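Remember, it's a predicted structure, so these values are computed and weren't measured experimentally. In each ligand, atom 1 is the first atom listed, and ligand 1 is the first ligand listed.
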Amino acid sequence: MKWIIDTDPGIDDASAIITAVNSGALDILGITSVHGNVGLNHTTRNALKLVELMGGDVPVYQGTSRPILQQREHAAEYHGENGFGNTSLPEPGIAPQDQYAVDFIIESTKKQEVSLLTLGPLTNVALAIAKERELEKRIKQIVMMAGTSRARGNTSPLAEFNIFADPEAAAVVFESGIPIIMVPWETCLDTVFGSEVIVRIRRSSTEVGKAFAQAMEYSVGRTKAYLGSEVLLLCDLLAACAAIDPTVITQQLNAKVTVETGGRFSRGLTVIDERMDDGSKPNASIALACDRAKIENMFLDAINAK
Ligand code: RIB
Ligand code: CA
């Protein structure tokens with residue numbers, strides 16, 4: 001199966017990209033960068049740096065720099081101003097492809113069926129759906145880190161960042177009919193990684209593992225301030241591992257998910273309708289629980305931190 005990874009690296013995005021690329025389990029056509037945790041220049045640069053540190057043979061395509069309608073949001077407080085823990089990574093020696101990420105997504109699906117692993121705001125995907133007639137029939141599935149299962153937000157009281165950063169784009173994607181596997185914020189909170197993993201990452205011997213270990217320190221510090229304990233919260237890693245091996249999802253719920261775009265207090269909420277009394281059909285499978293040990297091993301293998 002062919003994959004495109006759409007991402008706003010981002011420290012947890014980095015763990016996902018490292019695992020997706022180094023696992024060798026996904027046939028990755030390319031990585032598309034998008035605005036999100038930090039600005040597009042940084043997310044693109046971080047994607048390039050990660051690819052270069054892993055051998056550099058996955059092309060990176062630069063995507064959209066802003067949401068469809070609202071002003072940009074960012075999460076620099078959790079990822080550092082440069083999106084990689086403010087670590088002083090050298091400039092990447094490789095450049096993004098010339099083709100715009102939205103067009104790359106469209107053109108890739110003309111040659112073969114493609115699955116998407118989305119780790120950031122859904123602007124690139126929504127624009128591709130809007131631009132290309134019937135694109136939604138050529139995308140096999142979207143595995144995404146996005147949304148909430150019980151309305152426990154992280155960026156607003158009710159909304160998770162990847163939805164909140166572009167609710168209109170998220171609404172387009174959830175209404176498209178493309179099969180979705182959604183890893184929500186609450187499941188990420190229930191699947192954090194403890195100090196023994198942190199210690200093993202610090203011992204990583206690969207270039208990309210050492211770079212991640214530097215950036216990780218920032219994330220551990222910020223998560224300690226947020227959760228009160230020294231753990232690693234790697235949301236996007238769960239989605240990447242679910243794409244590699246769906247059995248990492250140990251409990252799931254099929255439901256109709258819609259995105260609130262109008263509410264004054266609820267904008268960016270993913271509304272989970274389990275009953276579907278109106279006769280609507282499920283459009284997403286929500287990962288309510290994941291196998292932490294399996295994910296931990298997949299990541300530690302990927303950064304050679306065994
Ligand atoms: O809410 C967590 C999500 O927002 C993750 O994808 C993180 O990287 C940020 O983009
Ligand atoms: Ca992300």
Side-chain angles (χ1 to χ4, degrees), residues 4-20 31-40 42-47 50 60 63-67 72-85 101 116-125 142-167 169-170 173 180-193 212 215-216 218-220 222-223 226-227 231-243 259 268-270 286-287 290 295 299:
I4 291 172
I5 301 173
D6 191 67
T7 179
D8 63 334
I11 295 171
D12 63 322
D13 300 69
S15 66
I17 293 166
I18 292 165
T19 305
I31 292 173
T32 52
S33 61
V34 67
H35 69 88
N37 286 318
V38 288
L40 180 67
H42 281 307
T43 61
T44 304
R45 178 189 172 282
N46 293 337
L50 286 162
V60 175
T64 46
S65 61
R66 53 146 301 153
R72 271 200 50 230
E73 294 288 335
H74 67 73
E77 67 275 21
Y78 283 100
H79 297 271
E81 291 305 316
N82 70 356
F84 208 57
L116 304 183
L117 170 61
T118 68
L119 308 174
L122 293 163
T123 315
N124 288 342
V125 181
I142 301 175
V143 179
M144 61 171 65
M145 189 280 141
T148 60
S149 54
R150 300 187 301 276
R152 175 179 176 181
N154 59 12
T155 308
S156 80
L158 297 176
E160 177 277 325
F161 178 81
N162 287 338
I163 305 290
F164 189 78
D166 196 343
V173 174
I180 290 170
I181 294 176
M182 170 182 149
V183 179
W185 169 244
E186 294 91 337
T187 304
C188 302
L189 282 177
D190 294 339
T191 317
V192 294
F193 304 95
F212 181 83
M216 171 188 76
Y218 188 92
S219 176
V220 168
R222 294 300 304 149
T223 306
Y226 179 73
L227 296 179
V231 294
L232 257 184
L233 177 54
L234 299 174
C235 302
D236 294 337
L237 177 62
L238 274 60
C241 291
V259 177
L269 170 66
T270 43
I286 302 160
C290 287
I295 293 169
F299 181 39

Quick check: does any side chain N or O of Thr43 sit under 3.5 Å from a backbone N or O of Val34, one acting as donor and the other as acceptor?
yes
For the Ca ion (ligand 2), find the closest N/O/S atom belonging to Asp8 and write down its atom name.
OD1
Under the criterion side chain to side chain donor-acceptor pair (under 3.5 Å), which of Thr44, Thr123, Asn124 is the partner of His35?
Thr123
Donor-acceptor contact present, side-chain Asn46 to main-chain Asn82, <3.5 Å
yes
Working note: Val125 + Met144, criterion side-chain contact (heavy atoms from CB on, under 4.5 Å); need CA distance, chi angles, decisive distance, verdict.
CA-CA 11 Å; Val125 181; Met144 61 171 65; over 6 Å; no
Atom 6 (O) of ligand 1 sits nearest the protein heavy atom Asp236 OD1, 2.6 Å
Is the distance between the Ca ion (ligand 2) and the nearest N/O/S atom of Asp13 smaller than 3.0 Å?
yes
Please classify the Leu119 to ligand 1 contact at 4.0 Å (heavy-atom distances, strictly less than): side chain, backbone, both or neither.
backbone
Determine, stepwise, if the pair Leu233 / Ser219 fulfils side-chain contact (heavy atoms from CB on, under 4.5 Å).
CA-CA 8 Å; Leu233 177 54; Ser219 176; 5.8 Å; no
When you look for heavy atoms under 4.0 Å from ligand 1, do you find them on the side chain of Ile11, its backbone, both, or neither?
neither
Just to confirm my output: which protein heavy-atom neighbour is closest to atom 9 (C) of ligand 1, and how far is it?
Asn37 OD1, 3.0 Å
Nearest to the Ca ion (ligand 2) - the N/O/S atom of Asp236, by atom name
OD2
For a side-chain contact (heavy atoms from CB on, under 4.5 Å) check, start with the C-alpha distance between Met145 and Asn162, then their side-chain angles and the critical distance, and finish with the verdict.
CA-CA 8 Å; Met145 189 280 141; Asn162 287 338; 3.6 Å; yes
Under 3.5 Å side-chain donor-acceptor pair for Thr32 and Asp6:
yes
Against heavy atoms of Met145, which atoms of ligand 1 measure under 4.0 Å?
2 (C), 3 (C), 5 (C), 6 (O)
For Asn162, take its heavy atoms, then give the atoms of ligand 1 lying under 4.0 Å from any of them.
3 (C), 4 (O), 5 (C), 6 (O), 9 (C), 10 (O)
Within the stated cut-off of 3.0 Å, is an N/O/S atom of Leu119 closer than that to the Ca ion (ligand 2)?
yes
Taking heavy atoms and a distance under 4.0 Å, where does Thr155 meet ligand 1: side chain, backbone, both or neither?
neither
Suppose we measure from atom 2 (C) of ligand 1 to each protein heavy atom; which comes out shortest, and what is that distance?
Glu160 OE2, 3.4 Å
Closest protein heavy atom to atom 8 (O) of ligand 1, given as residue, atom name and distance to 0.1 Å:
Asp12 OD1, 2.6 Å
Would you say the side chain of Asn154 lies within less than 4.5 Å of the side chain of Phe164, judging by non-hydrogen atoms?
no
Measure from the side-chain N and O atoms of Thr187 to the backbone N and O of Ala287, and report whether any donor-acceptor pair falls under 3.5 Å.
yes
Atoms of ligand 1 under 4.0 Å from any heavy atom of Asn154, numbered from 1 in the order shown, are 1 (O), 2 (C)
Using the side chain to side chain contact (heavy atoms under 4.5 Å, CB included) rule, pick out the option among Leu116, Ile181, Leu117, Ile4 that qualifies with Ile142.
Leu116
Proximal atoms of ligand 1 relative to Asp8 (non-hydrogen, under 4.0 Å):
10 (O)
Contact (N/O only, under 3.5 Å) between Asp13 and ligand 1:
yes
